[in-house]
Q: 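Here it is, the structure, as structure tokens.
Proteins come first, then strands; the chains are lettered A, B, ... in the order of their sequence lines, and each starts at number 1. Predicted, not measured: the structure shown is a model, and the values here were computed from it.
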4 protein chains.
Amino acid sequence: MRNGDSAYIEDYTEPSFRLSTPRGARPMTGHAPGIEAPGAPETAPRRRRVDAERNRQRILEAAEATFARAGIGVPVDEVARAAGVGVGTLYRHFPTKESLCEAIILRHIDLLVTTCDEAVEGTAHAPVDAFFAFLRHMADEMTANRDLFDALGESGTELKARCQVEFGQLETCIDTLRQRAVDAGGVRADVTTPQVVGLVSGTCKLAQPGADPPGGCRMLDVVFDGLRRG
Amino acid sequence: MRNGDSAYIEDYTEPSFRLSTPRGARPMTGHAPGIEAPGAPETAPRRRRVDAERNRQRILEAAEATFARAGIGVPVDEVARAAGVGVGTLYRHFPTKESLCEAIILRHIDLLVTTCDEAVEGTAHAPVDAFFAFLRHMADEMTANRDLFDALGESGTELKARCQVEFGQLETCIDTLRQRAVDAGGVRADVTTPQVVGLVSGTCKLAQPGADPPGGCRMLDVVFDGLRRG
Amino acid sequence: MRNGDSAYIEDYTEPSFRLSTPRGARPMTGHAPGIEAPGAPETAPRRRRVDAERNRQRILEAAEATFARAGIGVPVDEVARAAGVGVGTLYRHFPTKESLCEAIILRHIDLLVTTCDEAVEGTAHAPVDAFFAFLRHMADEMTANRDLFDALGESGTELKARCQVEFGQLETCIDTLRQRAVDAGGVRADVTTPQVVGLVSGTCKLAQPGADPPGGCRMLDVVFDGLRRG
Amino acid sequence: MRNGDSAYIEDYTEPSFRLSTPRGARPMTGHAPGIEAPGAPETAPRRRRVDAERNRQRILEAAEATFARAGIGVPVDEVARAAGVGVGTLYRHFPTKESLCEAIILRHIDLLVTTCDEAVEGTAHAPVDAFFAFLRHMADEMTANRDLFDALGESGTELKARCQVEFGQLETCIDTLRQRAVDAGGVRADVTTPQVVGLVSGTCKLAQPGADPPGGCRMLDVVFDGLRRG
DNA sequence: AATGAATGAGAATTCATTCAT
DNA sequence: AATGAATGAATTCTCATTCAT
């Protein structure tokens, strides 16, 4: 995992905070505050954080599910309801609807980067298979979050700009994979990584139920065949 | 043009409205529509019709342009303004924003069907080229009206249901083209027409500026290569 | 009246409008459209506008009354309710709550400028009396719209910037009045016009009920005495 | 300091709470508050008290500064942040945002009363100078806390009612000062103390940057001249 | 006592649609 | 038929206040 799961809110709410000794009179142990004594359980002081983190995850999951079901257009309230929290809580964690989308996307990009890295490092042999396997994986991710990745493609949105860096990381990483597959002779050389990503993502977007009948080849296979050799 | 571009309003509530005359059988009157039979005294009522029709077209064009520029999200008022009419007029012609979208799409599907028919009939020789040429044409149409065709893909929308019949016609027509191309040995047999359509449309959706660099192959070419032979 | 009562909305909604002949087929009389034949009643075509204007006034009045009663803090909905229109209508006329405030203030400034001009021109003799009479009038206006003029004083607000020009006009105009009063020897010379305005407006702000008991001098009189001579 | 600055919470619901001991009668214990009697074993509970008191002060100061900077409109959280405590803590000390404002104002009124008393008692000679000097001092205080004193002036607010008693004390105290100045012949007799207060406070409210240019007289001077003699 | 996460009642604003003229 | 003013439900976001730890 590269992009530390960017706890959005924390950067947001804690600017000039915690200037004073927390008033709670922590027993002055000898080590600097914030650095845990190794092995110390110290569960209590982090309790709140843990719960909040659970909520954050709940919201994230609820949002992902809701967006997948009904599109990004759903009112924020509905997401909150689905997460079982109040709107206020949602907004405490994600100060903007857009930032919520961003968080979801970033998480997925992050996961993809991780997977891609593993693919690059793990399978030095069979680079072609690794390439296509990864693309298939990416397709699944994108299909599940169609609307979100759609929004990423729209030019007007802030989203695109926001995720640019991370998306760039992903492309860099995929590019390595692609290059090796090309070098191994299993993938045509005249297709760029952005094109590959575009093709895969585009294919997902239309994955209408019924468009890919169980028997027969899948749309993605056609694209893959096209990538293999013209 | 097949789908009689009749005044929408009148048959709006019909479930399988418009273009229900499934294929062919236009009442071939002798004179072109819109040209008055000389000597007819009923100028006033006709003029209304003519003016109204002109407005309808204007709205349609303005809507298409506006949607292309700013997405289907644009307020109806803006479309009306672009068309140079009041909102009321727009709503007289298209009782719903969705119905306006529908009309645009239907027009394009209609055009595509026409083109496709011509391709089928006109070029009995070179069926493979005809197939790909048509797909390329379709891609252009879809790219220009991305948002609209996107909406067509969304599952929740009314739009999809509304355009189902006409879309089915298009698929039927394309299927003929595809079948001939398959028979001629230039296209793989294990890909269905919905899949073909899906691939082409998906590819358009992502046509981000920059994704297809001038030199090198285009995304669509990859898909075509994939379709040619596995 | 100087600042034409800035029909805010019109600049707002009519940018690329009215490109086409209004479709309504106005009987082609000989003179250019928009120029009224002298003496022609021609009430009909302007009807809508008249009603809308009435609404605009109603909103303005309701807003003024409501703001005066409960402060600018009142929700826009309440103003709309008081005006007997829907929120949408209010927003059609004033695209922002702030713009509504602006309109009210501008109207008052406008009235003040008018009055001030009259004072300047009308009473060349007795310039001192004219000066103080005007200030008293201004105090009444400001007292009635305390919150609004308060907001005008706040530095952060957009309002201030928005009304700057008009406020400048007012100050210019008052300055003439003041100068003459100074020249006539009835007002001290070391007080600037902004200070005068500040003093008067400040005095209004606190006009708490009871602060100025019926018998005895009024707060404003004290200020006036201070202005007369040090 | 008169109004015992006791822990607010405890007597919050009392109607005429705090400082109800109308004037005087402080339980003169021998040692300064906050300094522990040596040898007292009850360190822990005291320490709490001391810490809490420190927090209370910190909050008060932070609130004053924050309100001065950004108006009473600032969210409570921001005040808490500025004070270096959690919102919860703030609310433990001041159960309502309004009560926080109240506390600040009361403190200032208290200080003003103290100063005023000193002026009354200390400077039996030169009562006129004492009067104006105090007013100038009051103006400074009010300018620094404009928003708060503004709120005090608003009729709708609870604040006004809440601070009525203390404000009355201030007026009583000022009235003595004023009376002496009147008796000494340096201040006109037909102006009531509420009017004086109103004039001073009003003048502060508008102290826009730039309204009082460095050279020339200040707005307050005009008011003073007006008070001196009509 | 202190903390800060959670809550939810508003508030401003937008926009599809209706309606009087 | 055309016009554009009116409508109000829906949406995003804020912030005072409560509560579990």
Q: Just verifying a value: how many Å separate Ile72(A) CD1 and Thr66(A) OG1, rounded to the nearest 0.5 Å?
A: 12.5 Å
Q: Between dA5(F) atom C1' and Glu53(C) atom CD, what is the distance in whole Å?
A: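 So the two atoms are 13 Å apart, to the nearest Å.
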Q: What is the separation between atom CG on Asp51(A) and atom C1' on dA20(F), rounded to the nearest whole Å?
A: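 From Asp51(A) CG to dA20(F) C1': 9 Å.
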Q: Under a 3.5 Å distance rule, please check whether Glu102(B) uses its side chain to pair with a backbone N or O of Cys163(B) as donor and acceptor.
A: no
Q: Among dA2(E), dT7(F), dT18(E), which nucleotide sits nearest the side chain of Thr89(D)?
A: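 Looking only at side-chain atoms, Thr89(D) lies closest to dA2(E).
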Q: Which atom names give the shortest non-hydrogen contact between Leu60(C) and Ala103(C), and what distance separates them?
A: CD1-CB, 3.9 Å
Q: Atom OH of Tyr91(D) and atom C1' of dT7(E): how far apart are they, to the nearest Å?
A: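 Rounded to the whole Å, the gap is 13 Å.
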Q: How far apart are the C-alpha atoms of Asp150(A) and Asp150(B), what are their side-chain angles, what is the distance that settles it, and do they pass the side chain to side chain contact (heavy atoms under 4.5 Å, CB included) test?
A: CA-CA 10 Å; Asp150(A) 256 27; Asp150(B) 255 27; 3.6 Å; yes
Q: Any salt bridge (charged side-chain N to carboxylate O under 4.0 Å, His left out) involving residues 72-90 of chain A? Give me the pairs, sequence neighbours left out, ordered by first then second residue.
A: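 Sorted result for residues 72-90 of chain A: Arg69(A)-Glu78(A).
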Q: Between His93(C) and dA6(F), does any side-chain N or O lie under 4.0 Å from OP1 or OP2?
A: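 Looking at the OP1 and OP2 atoms of dA6(F), one of them is under 4.0 Å from a side-chain N or O of His93(C).
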Q: Quick one: pull up CG in Leu148(B) and CG in Leu152(B) and give me the separation to the nearest 0.5 Å.
A: 8.5 Å
Q: Of Gly88(C) and Gly88(B), whose nearest nucleotide on DNA chain E comes first from the 5' end?
A: Gly88(C)
Q: With a non-hydrogen cut-off below 4.0 angstrom, is Val85(C) in contact with a base, only sugar-phosphate, or nothing?
A: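 Answer is sugar-phosphate: Val85(C) comes under 4.0 Å of backbone atoms only.
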Q: side-chain hydrogen bond (donor to acceptor under 3.5 Å, both in side chains), that's the test. Do Glu61(D) and Gln57(D) meet it? Break it down for me.
A: CA-CA 6 Å; Glu61(D) 280 159 30; Gln57(D) 290 310 325; over 6 Å; no
Q: Round to the nearest Å and state the distance from Ile59(B) atom CD1 to dA1(F) atom C1'.
A: 12 Å
Q: Rounded to whole angstroms, how far apart are CZ on Phe94(A) and C1' on dA5(E)?
A: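 Nearest whole value for this atom pair: 14 Å.
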Q: Where are the stems of DNA chain E, defined as at least 3 consecutive Watson-Crick or wobble G-U pairs with both distances under 3.5 Å?
A: E:2-21 with F:2-21
Q: Heavy atom of residues 64-83 of chain C under 4.0 Å from DNA chain F: which residues?
A: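 Result for residues 64-83 of chain C: none.
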Q: Counting N and O atoms only, with roles assigned by atom type, does the side chain of Asp147(A) sit under 3.5 Å from a partner on the main chain of Phe67(A), one being a donor and the other an acceptor?
A: no
Q: Rounded to the nearest 0.5 Å, how far does CD of Glu64(C) lie from CD1 of Ile105(C)?
A: 10.0 Å
Q: Kindly compute the distance separating CZ (Arg58(D)) from CG (Leu90(D)), expressed to the nearest 0.5 Å.
A: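 Separation between the atoms: 12.5 Å.
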Q: Between Val87(D) and Val87(C), name the one whose nearest nucleotide on DNA chain F is closer to the 5' end.
A: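 Taking each residue's closest nucleotide, the earlier one in sequence belongs to Val87(C).
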Q: Which nucleotide in the list dT14(E), dA5(E), dA1(E) gets nearest to the side chain of Arg92(A)?
A: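 Nearest to the side-chain atoms of Arg92(A), counting from C-beta on, is dA5(E).
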Q: Please give, in whole Å, the distance from dA1(F) P to Arg54(B) CZ?
A: 15 Å
Q: Tell me the interatomic distance from Arg56(A), atom CZ, to dA6(E), atom C1', rounded to whole angstroms.
A: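 From Arg56(A) CZ to dA6(E) C1': 16 Å.
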Q: Looking at dA2(F), I'd like to know if its phosphate oxygens (OP1 or OP2) sit under 4.0 Å from a side-chain N or O belonging to Asn55(B).
A: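 The answer is yes; a side-chain N or O of Asn55(B) sits under 4.0 Å from OP1 or OP2.
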Q: For the pair made of CZ in Arg58(A) and C1' in dA6(E), what is the distance, rounded to whole Å?
A: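 The answer, rounded to whole Å, is 11 Å.
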Q: Looking only at the side chain of Lys97(C) (C-beta and beyond, no hydrogens), which of the listed nucleotides dT13(E), dA16(F), dA2(E) gets closest?
A: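 The listed nucleotide nearest to Lys97(C)'s side chain is dT13(E).
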